Amino acid sequence: MSTENTPDASADDTTAAMPEPIEHASASASSTRGDDQAEYTPPLPSLEAAPPVPVAATAAVSSAAAEPAAASAAPAEPTAPRTRGAAIVWGLLFAAIAAFGIWTLTDDDRRESTAGWITTLTPNTVYSLVLLTIGVLILVSGAIGLIRHAQRRAAPQR
């Protein structure tokens, strides 16, 4: 932490960063109010603007921060990183959707048959496809929940 950012920094450092007063405001064409604003300088920032932090709050934070440090002082065996099952499942789902889309769009016959199928959809078919999509999302979410549960059971107790 530099001395420039501390509350004990001298006033010379604070005023050095402030803009200089406007000396030639009356010579400007836009100045219509007179010379009284020519010497205007913005007010200096107050060091007392920030409300003081209660001592009890800082003591609670510092004591809470000291507890994990004391608990981690004991030598612990490094654990293997956790496998992110949800990322794998969602990645496989999106990869399957992308592969199907690429497979559909790479052949002219498949593209034309897909366009014909989409144009002949009835409202009941669209409703059924929406319900099927929601069901697949629920199925994937349930599979992710089962994977997470299995990972938690297999993880060593801390």
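Bear in mind that the values here come from a model prediction, so they are computed numbers and not experimental data.
Placement of L139 and W90 in two distinct hydrophobic clusters is found when ILVMFWY residues are connected by side-chain heavy-atom separations under 4.5 Å, directly or transitively. A single hydrophobic cluster is seen to contain both V126 and W117, as judged by linkage of ILVMFWY side chains at heavy-atom distances under 4.5 Å, directly or through other members. Tracing side-chain contacts under 4.5 Å through hydrophobic residues (I, L, V, M, F, W, Y), one never reaches I97 starting from I138; they form parts of separate clusters. Transitive grouping of hydrophobic side chains (ILVMFWY, heavy atoms separated by less than 4.5 Å) brings L137 and V89 into a common cluster.
Between A86 and I144, the shortest heavy-atom contact is CB-CG2, 3.6 Å.
Under the side-chain hydrogen bond (donor to acceptor under 3.5 Å, both in side chains) test applied with R111, the options D108, D107, T114, D109 reduce to a single match, D108. When L132, V130, V136 are each tested for a side-chain contact (heavy atoms from CB on, under 4.5 Å) with I134, only one passes: V130.
Taking OG of S113 as the reference point, atom CD1 of I118 lies at 9.5 Å (rounded to 0.5 Å). Distance check: R148 CZ to R153 CZ gives 15.5 Å after rounding to the nearest 0.5 Å. Atom CG of L129 is separated from atom CG of L131 by 9.0 Å, given to the nearest 0.5 angstrom. Note that the CZ atom of F100 and the CG atom of L105 stand 9.5 Å from one another [nearest 0.5 Å].
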